[in-house]
S.K.: 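Below are the structure tokens for one structure; questions will follow.
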Amino acid sequence: MRIWCAAAATGQEPYSLAMLLAEKKHRWLNVGAEVVATDLSQTALARAKSGLFTQFEVQRGLSAQRLVQFFTQQDGEWHIAPALQQMVQFEPHNLLHNPARLGRFDMIFCRNVLIYFDLETKQRILDYLAQQLPKGGALVLGASETLVGVTDKFIADPSLPMVFRLKSPN
Ligand SMILES: C[S@@+](CC[C@H](N)C(=O)[O-])C[C@H]1O[C@@H](n2cnc3c(N)ncnc32)[C@H](O)[C@@H]1O
């Protein structure tokens, strides 16, 4: 199972996925799981790769149970468990470029970044994302994002909020 975080910023999203994967290991152990995390910003990626988070950052939605289970304290910051770090592969990638080199994915998280682009650019990016998914593959957007009036390549999953399924591959 391959998951792509297409605007991973400083790593909260891919590491959250790694935590969920660690908790649900029995669901994917037979097939294997990989998280690829990309971002345009080298600074954000370097921070993400370090696996270090401030006290403020770990207080924004992470449960105390997961903090204790998956992090250790290090010089006033919190370090994610090396086992989780190894599950995530960080790479620079500009969403305006063809992502073919990254390979195919079962699920793509592209949350809170399409908002920065005009309609034509959004469509180009969504075409690129569609190209990397199989039929029925999942695209996950941010809570306030929509594909209405942008593309008809995806259909909203009726049972999973913010999940859009690819209708048919390119
Ligand atoms: C608001 S953050 C979203 C982070 C995360 N997905 C979330 O929802 O919390 C937007 C991220 O998109 C990245 N970004 C902006 N333009 C990009 C581009 N053309 N290609 C790849 N990443 C881009 C920024 O560097 C930033 O890390």
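One-based numbering, in listed order, for ligands and for the atoms of each. Values reported hereafter were calculated over all heavy atoms of this structure, with side chains retained and with hydrogens, waters and symmetry mates removed.
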S.K.: Is the number of heavy atoms from other residues, nucleotides or ligands within 6.0 Å of CZ (R27) greater than 12?
M.R.: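 No, not enclosed.
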S.K.: Are W78 and T72 close enough that a side-chain donor and a side-chain acceptor fall under 3.5 Å?
M.R.: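 Not at all, the side chains of W78 and T72 share no donor-acceptor pair under 3.5 Å.
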S.K.: Are E91 and R101 close enough for a salt bridge, meaning some N to O gap below 4.0 Å?
M.R.: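 So E91 pairs with R101 through a salt bridge.
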S.K.: Using modelled atom types only, decide if a donor and an acceptor are shared between the side chain of D118 and the backbone of T121 within a distance under 3.5 Å.
M.R.: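 Yes: the side chain of D118 pairs with the backbone of T121.
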S.K.: Calculate, to the nearest 0.5 Å, the distance between atoms CD1 and CZ belonging to I125 and F117 respectively.
M.R.: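 Reported to 0.5 Å precision, the distance equals 4.0 Å.
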S.K.: Which protein N or O atoms sit under 3.5 Å from any N or O of ligand 1? Give each pair with its distance.
M.R.:
unit_1, atom_1, unit_2, atom_2, d
ligand 1, 6 (N), A7, O, 2.8
ligand 1, 6 (N), E13, OE1, 3.1
ligand 1, 6 (N), R111, O, 2.9
ligand 1, 8 (O), R111, O, 3.3
ligand 1, 8 (O), R111, NH1, 3.4
ligand 1, 8 (O), N112, ND2, 2.7
ligand 1, 19 (N), N94, OD1, 2.9
ligand 1, 20 (N), L95, N, 2.9
ligand 1, 22 (N), L40, N, 3.3
ligand 1, 25 (O), D39, OD1, 2.6
ligand 1, 27 (O), D39, OD1, 3.4
ligand 1, 27 (O), D39, OD2, 2.7

S.K.: I'd like to know if the side chain of S41 pairs up with that of D39 as donor and acceptor (distance under 3.5 Å, no hydrogens or angles considered).
M.R.: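 Distance-only check fails for S41 and D39.
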